[in-house]
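Notes follow the structure.
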Amino acid sequence: MDYISGLNDRQKEAVLHPEGPLLILAGAGSGKTRVLTHRIAYLIEERKIFPGNILAITFTNKAANEMKERVAELLGGDIGYIWMGTFHSICVRILRQDIDKIGYDRSFSIYDRDDQITLMKECIKEQNLNKDIYKERSILGNISSLKDAMISPDTYINQNYNDYYRRNVGELYALYQKKLKQNNALDFDDLIIKTLELFRADPMVLDYYQKKFKYIFVDEFQDTNKSQYELIRLLADKHKNLCVVGDDDQSIYKFRGADITNILNFEKDFPNTKIIKLEQNYRSTKNILNVANHVIKNNSERKDKSLWTDNEEGNLVVVETLPDSQEEAYFVANMIEKLMVEGYKPSDFAILYRTNAQSRTFEEVFIKRGIPYKIVGGLRFYDRKEIKDILAYLKLIQNPVDDISLKRIINVPKRGIGNATMGKIEQYANEVGESIYSVLQKLDDIPDLSTRAKNSIKGFVEIVNNLMRIKEQMSIKDFIEEVLKETNYIKELEKQDDIESRTRLENIREFISVAVDFEVKNPEGNLEDFLATVSLLSDVDKTEDLKNTATMLTVHSAKGLEFPVVFLVGMEEGLFPIFRALDNESELEEERRLCYVAITRAQKLLFITHAKIRTIYGNTSYSLPSRFIDEIPKNLITTTEESSNLGNNKRRLVNIVDRTKRRKNNTVKSQENKDKVQVGTKVNHKKWGIGTVVQIKNKDEDKELVIAFNEPIGLKRLLLSIAPIEIVKGD
DNA sequence: CCGATTTGTATTTTT
DNA sequence: TACAAATCGG
């Protein structure tokens with residue numbers, strides 16, 4: 001097969017590059033994924049490289065899966081042996097094999113942010129530090145940076161011995177690590193750090209992987225941090241066939257330790273690096289690309305490059321000023337409706353914002369308008385209470401020394417084991433230096449426990465012991481169901497029987513189907529693998545494409561994606577760029593890169609909006625258009641007022657559309673049967689007036705309706721049989 | 001010990 | 001604003 005037809009010269013060069021280090025500087029939309037997949041396919045097919053000798057590291061699991069599919073498509077063969085995944089998932093895979101060599105158990109837990117915070121709270125308390133000065137969140141931030149930079153607690157303490165605060169942070173760091181180890185747990189950063197530690201501790205292990213990975217690929221190289229770079233440097237040290245792809249203009253994770261100097265170091269660490277620049281953009285129109293180029297050129301710290309495209313000129317970029325965030329949302333909704341008439345599908349649209357909080361207004365308006373949408377991010381599926389509870393049960397069963405998980409669920413559902421009891425147990429466990437679960441096995445040794453408490457605990461221990469026993473005997477799905485049954489988790493929720501508990505049950509059902517899905521895709525996978533996969537999943541990973549919905553997401557999570565029509569909203573000073581960045585040149589440059597990423601997501605049409613008044617966290621203030629808008633030459637932009645013939649008052653445009661929408665709501669009472677109610681039906685409620693049905697769920701014999709009423713009533717949930725509503729005839 | 005209420009506080013991005 | 005932690009009363 002021909003792997004280079006249809007590629008430009010630069011791309012071909014990258015695909016056919018023989019051996020040795022390769023640095024691809026790939027501008028936005030320059031077809032880097034294409035280059036990567038074609039190169040991998042070429043290596044396997046033409047150069048007869050065994051797939052198991054290839055390692056490809058991507059930024060998200062979703063990107064990894066896509067890459068796998070595309071390579072498989074090119075080859076039409078089995079590529080299951082290729083290691084593809086994020087830094088974190090690759091490290092888990094390595095650690096599951098050999099972490100016992102650095103003193104952990106292979107059944108280790110992975111701690112997420114909440115777990116980390118809980119653990120840090122304990123540390124601060126134990127060190128007798130003032131919790132108003134030592135905030136767990138910021139301490140954890142410090143520690144994370146230290147880990148990224150590969151600085152150990154001891155080093156940090158010694159370096160800062162005369163600085164009281166920093167020394168204490170160092171002490172907390174040390175204690176935090178000690179506790180993680182006691183719990184046989186790793187946090188996200190540890191996954192990288194401990195892999196490095198393993199390689200250092202056991203050269204045989206390192207040697208194995210160095211020999212195995214003859215070809216290594218790293219995507220989104222600009223967003224790797226120091227420790228991640230060190231990891232790939234080590235792995236590639238033997239064969240030096242390291243291919244990294246990155247774009248310094250799209251580096252947007254500096255706050256998380258991403259280190260642009262990695263691109264510079266690369267040439268130093270790998271002499272004779274071949275550098276290939278991909279500068280032809282295949283994604284956007286000339287106008288959109290032009291706007292992007294004009295914005296990003298205001299950054300001083302960047303490699304000079306010039307993206308160009310053969311694509312059509314396209315429409316001018318629309319910059320629209322709106323009175324407030326509500327009107328902004330209406331503007332976007334109106335525009336979407338208009339464009340759908342012209343043939344665009346809902347899935348063609350993306351609404352990009354700087355902060356997750358901005359999604360709410362859009363959500364409300366889209367519901368009212370009946371525009372299907374999905375939100376990426378916000379409260380994540382795996383962050384929901386019920387999901388975290390189940391996960392805590394599973395983690396405990398898998399790793400019984402995981403005190404953090406145990407404490408999360410020992411009284412969930414309520415078993416009468418409260419703070420007082422737990423205090424006594426923890427104190428005793430500390431004294432004897434054992435895990436909580438272990439001391440719970442010998443209750444009579446723990447002083448001062450009431451008989452009642454003892455009985456409750458006995459019940460709990462019995463359930464968990466029993467679950468541990470049967471863990472191996474069934475599928476993951478069956479086991480999760482068994483856990484839910486034995487712990488009475490489902491029963492308690494069913495007893496509660498309200499809207500909240502029903503949503504939770506639904507989420508649990510979805511979680512079970514996630515497990516089923518996992519088992520189908522990983523027939524060999526066990527509970528540990530499942531837990532690791534779930535803990536390392538990001539939001540973007542979870543969103544399926546091709547659903548016929550518009551997408552709302554932050555600019556950060558939009559990285560790597562593209563959409564025919566992009567609405568870049570909330571472009572105001574203080575919001576984008578965010579106000580914390582206003583007085584700091586390097587942070588401003590990161591905001592500008594973020595803006596560049598946002599603009600370059602658009603293929604055909606780009607709308608940029610800003611509101612004159614915005615309410616953030618309860619206070620309303622006037623806001624100025626973002627400086628990034630000023631950086632765009634005026635001849636490249638327009639307004640809807642200019643570009644359409646709808647008169648010279650653009651406020652009128654919005655209002656007119658608004659009023660037409662509302663006129664439909666005129667109450668026309670009808671005797672129609674309530675059974676005709678469906679999503680989108682307008683109804684008149686005795687007390688709340690006109691609303692639109694946005695969701696219908698079956699509930700026993702009845703139906704539960706979610707109805708969106710006009711402000712200030714908002715969303716309400718009602719039972720069809722008893723709700724005092726009438727259907728309103730449209731038009 | 002539990003649940004409800006009040007109080008307070010933090011508001012960027014996330015593997 | 002909105003959510004979580006702290007506090008209070010049963």
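Note that these values count all heavy atoms, side chains included, but never hydrogens, waters or copies made by symmetry.
Under the side chain to side chain donor-acceptor pair (under 3.5 Å) rule, A:S623 has a single partner from A:E572, A:R614, A:K612, which is A:E572.
Here A:Y253 does not count as stacked on B:dT13, because the ring centres are not under 5.5 angstrom apart with planes under 30°.
Summary of the strand contacts: A:G416 and A:H556 both lie near DNA chain B, and taking for each the nucleotide with the nearest heavy atom, the more 5' one is attributed to A:G416. Of the residues near DNA chain B, A:R137 and A:F188, the one whose nearest nucleotide (by heavy atom distance) lies more toward the 5' end is A:R137.
Side-chain atoms of A:Y176 and A:D187 include a donor-acceptor pair closer than 3.5 Å.
Listed nucleotides: B:dC1, B:dT14, B:dT15. Nearest to the side chain of A:H88: B:dT15. Between B:dC2, B:dC1, B:dT14, one nucleotide has an atom nearer to the side chain of A:S557 than all others, and that is B:dT14. With distances taken from any side-chain atom of A:T355 to the nucleotides B:dT12, B:dT14, B:dG3, the minimum falls on B:dT12.
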In 5'-to-3' order, the base (B), backbone-only (S) or no-contact (-) status of each nucleotide in nucleotides 2-10 of chain C, using a 4.0 angstrom heavy-atom cut-off, is S--S-----

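Judged purely by atom type and a 3.5 angstrom limit, A:N298 uses its side chain to pair as donor or acceptor with the backbone of A:V295.
For A:T421, the side chain to side chain donor-acceptor pair (under 3.5 Å) criterion is met by no residue, not counting sequence neighbours. For A:Q250, the side chain to side chain donor-acceptor pair (under 3.5 Å) partners at least two apart in sequence or on another chain are A:D247, A:R601.
Rounded to whole Å, atom C1' of B:dT12 lies 15 Å from atom CG of A:L553. What separates CG of A:N356 from C1' of B:dA10 is a distance of 16 Å, to the nearest Å. Following rounding to the nearest Å, A:E492 (CD) and B:dG3 (P) show an atom-to-atom distance of 9 Å. Straight-line distance from the CG atom of A:D115 to the C1' atom of B:dT15: 15 Å, rounded to whole Å. Distance A:K254 NZ to B:dT12 P: 19 Å, rounded to the nearest Å. The distance between atom CG of A:N225 and atom C1' of B:dT14, rounded to the nearest whole Å, is 13 Å. One can place CD1 of A:I252 at 9 Å from P of B:dT14, the figure rounded to the nearest angstrom. Look at CD on A:Q116: it is 11 Å from C1' on B:dT15, rounded to the nearest Å.
In the displayed structure, A:K385 atom NZ is contacted under 6.0 Å by at most 12 heavy atoms of other residues, nucleotides or ligands.
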With both pairing distances under 3.5 angstrom for Watson-Crick or G-U wobble, and | for a partner in another strand, the correct string for DNA chain B is ||||||||||.....

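Phosphate proximity of B:dC1 to A:N411: absent, as no side-chain N or O sits under 4.0 Å from OP1 or OP2. For A:K559 and B:dT13, the shortest distance from a side-chain N or O to OP1 or OP2 is not below 4.0 Å. A sub-4.0 Å separation between OP1 or OP2 of B:dT14 and a side-chain N or O of A:T554 is present.
The existence of a salt bridge linking A:E492 and A:K414 is excluded, since no basic side-chain nitrogen approaches an acidic carboxylate oxygen closer than 4.0 Å. Under the 4.0 Å criterion applied to side-chain N and carboxylate O atoms, A:E220 and A:K32 are assigned as salt-bridge partners. Between A:E494 and A:K491 there is no salt bridge, since no side-chain nitrogen of the basic residue lies less than 4.0 Å from a carboxylate oxygen of the acidic one. Between A:E197 and A:K194, at least one side-chain N (NZ, or NE/NH1/NH2) sits under 4.0 Å from a carboxylate O, which counts as a salt bridge. Ionic pairing of A:D517 and A:K521 is present here: one or more N-O contacts between side-chain nitrogen and carboxylate oxygen are shorter than 4.0 angstrom.
Rounded to the nearest 0.5 Å, atoms CD (A:E230) and CG (A:L235) are 10.0 Å apart.
Within the 4.0 angstrom heavy-atom criterion, only backbone atoms of the sugar-phosphate kind lie near A:K135; the bases stay farther away. Residue contacts for A:T421: at a heavy-atom cut-off of 4.0 Å it reaches the sugar-phosphate backbone alone, with no base atom in range.
Across residues 575-593 of chain A, A:I578, A:R580 each have a non-hydrogen atom less than 4.0 Å from an atom of DNA chain B (numbered order).
Atom C1' of C:dA5 sits at a distance of 23 Å from the matching atom of B:dT12, rounded to the whole Å.
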Listing, residues 252-261 of chain A side-chain donor-acceptor contacts under 3.5 Å, not counting sequence neighbours, or none:
residue : atom : partner : partner atom : Å
A:K254  : NZ   : A:S586  : OG           : 3.2
A:D259  : OD1  : A:T261  : N            : 3.0
A:D259  : OD1  : A:T261  : OG1          : 2.6
A:D259  : OD2  : A:K226  : NZ           : 2.9
A:D259  : OD2  : A:T261  : OG1          : 3.2

